[in-house]
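What follows is a short report on a single structure.
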Amino acid sequence: GLSRPILRDVAEGRADLGLITDGSAVPRGLEATPWQQDRLLAVMAAAHPLAARQSLPFAEVLDHPLIGLLSGGALGLLLEAEAARLGRAPRWRFALATPDGARRLAAAGLGIVIMPDSMALPGLRGVPLADGWARRVLRLVSPPPAELPAPARLLR
């Protein structure tokens with residue numbers, strides 16, 4: 001989901017815990033704890049012309065057809081915003097709802113998918129994006145631990 005609706009769901013009690021990826025202000029009464037860092041990769045077939053690179057600026061990735069992952073999600077919105085900041089628009093060849101489908105299309109050489117390093121799989125080449133925004137801090141958001149149900153408190 002998107003960070004702002006996740007924050008709203010936790011603040012309004014529809015969720016006990018949430019993971020957000022952006023720097024959204026956390027509403028009063030919630031706590032945000034750094035949970036994990038990730039890095040965005042340009043994931044492609046090993047035979048892709050960019051596959052041998054050690055890192056890639058997003059501006060260069062935009063020169064190639066892209067495979068969209070989770071349209072309307074936080075990652076898609078981030079990519080659209082960063083492309084717009086460069087005065088460009090991504091060339092979406094496909095838009096999929098599942099990482100598995102996106103990886104399969106990338107493996108078939110049909111485009112590049114941007115995804116976190118935790119989602120890339122062996123058999124594909126994941127080249128780190130060189131842009132600073134491509135390193136993200138994921139935050140766990142919740143009410144104070146004392147206000148959580150026991151299972152959510154343990155999970156937190």
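These numbers come from the heavy atoms of this one structure, side chains and all, not from hydrogens, waters or symmetry mates.
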> Is the backbone N or O of Ala51 less than 3.5 Å from a side-chain atom of Arg125, with the two atoms forming a donor-acceptor pair by type?
Replying inline: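 Looks like yes, one N/O pair under 3.5 Å.
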> Is the backbone of Asp63 close enough, under 3.5 Å, to the side chain of Arg91 for a donor and an acceptor to pair up by distance?
Replying inline: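 Judged by distance alone, yes, a pair lies under 3.5 Å.
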Shortest non-hydrogen separation from [X] to [Y] and the atoms involved:
| X | Y | result |
| --- | --- | --- |
| Pro99 | Met115 | O-CE, 4.3 Å |
| Gly111 | Arg93 | N-NH1, 4.5 Å |
| Val127 | Ser55 | CG1-CA, 3.6 Å |
| Leu79 | Pro90 | O-CG, 4.4 Å |
| Ile6 | Gly18 | CG2-CA, 3.7 Å |
| Ser142 | Val10 | CA-CG1, 3.9 Å |

Validation row: [X], [Y] side chains within 4.5 angstrom (heavy atoms):
| X | Y | value |
| --- | --- | --- |
| Leu78 | Leu40 | yes |
| Pro57 | Leu129 | no |
| Pro143 | Leu30 | yes |
| Glu80 | Trp92 | yes |
| Leu96 | Asp100 | no |
| His64 | Met44 | no |
| Val113 | Leu105 | no |
| Ile114 | Leu69 | no |

>> Counting only heavy atoms from other residues, nucleotides and ligands, does the tally under 6.0 Å from CD of Glu12 exceed 12?
In response: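 Correct, the count exceeds 12.
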>> Quick check on Arg135: does its CZ atom have over 12 non-hydrogen neighbours (other residues, nucleotides or ligands) under 6.0 Å away?
In response: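 Atom CZ in Arg135 is not crowded, with 12 or fewer foreign heavy atoms closer than 6.0 Å.
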>> Going by side chain to side chain contact (heavy atoms under 4.5 Å, CB included), Leu148 matches just one of Leu154, Leu155, Asp16. Which one?
In response: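 Of Leu154, Leu155, Asp16, side chain to side chain contact (heavy atoms under 4.5 Å, CB included) with Leu148 is met by Asp16 alone.
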Starting at [atom1] of [X], measure out to [atom2] of [Y] and round the result to the nearest 0.5 Å.
| X | Y | atom1 | atom2 | result |
| --- | --- | --- | --- | --- |
| Arg88 | Phe58 | CZ | CZ | 8.5 Å |
| His48 | Leu110 | NE2 | CG | 10.5 Å |
| Leu56 | Ile112 | CG | CD1 | 7.0 Å |

>> Evaluate Arg139 against Val26 for side chain to side chain contact (heavy atoms under 4.5 Å, CB included), listing each step before the verdict.
In response: CA-CA 10 Å; Arg139 297 182 294 159; Val26 176; 3.8 Å; yes
>> Applying side chain to side chain contact (heavy atoms under 4.5 Å, CB included) to Thr33 and Arg156, what does each step give before you reach the verdict?
In response: CA-CA 10 Å; Thr33 306; Arg156 183 182 184 276; 3.5 Å; yes
>> Check this for me: does any side-chain nitrogen of one of Asp117 and Arg136 sit under 4.0 Å from a carboxylate oxygen of the other?
In response: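 Result for this pair is no, no salt bridge flagged.
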> Stepwise, does the side chain to side chain contact (heavy atoms under 4.5 Å, CB included) test hold for Glu82 with Asp131?
Replying inline: CA-CA 10 Å; Glu82 290 300 325; Asp131 310 80; over 6 Å; no
>> Does Leu140 form a side chain to side chain contact (heavy atoms under 4.5 Å, CB included) with Leu19? I'd like the steps, not just the answer.
In response: CA-CA 5 Å; Leu140 177 67; Leu19 288 173; 3.9 Å; yes
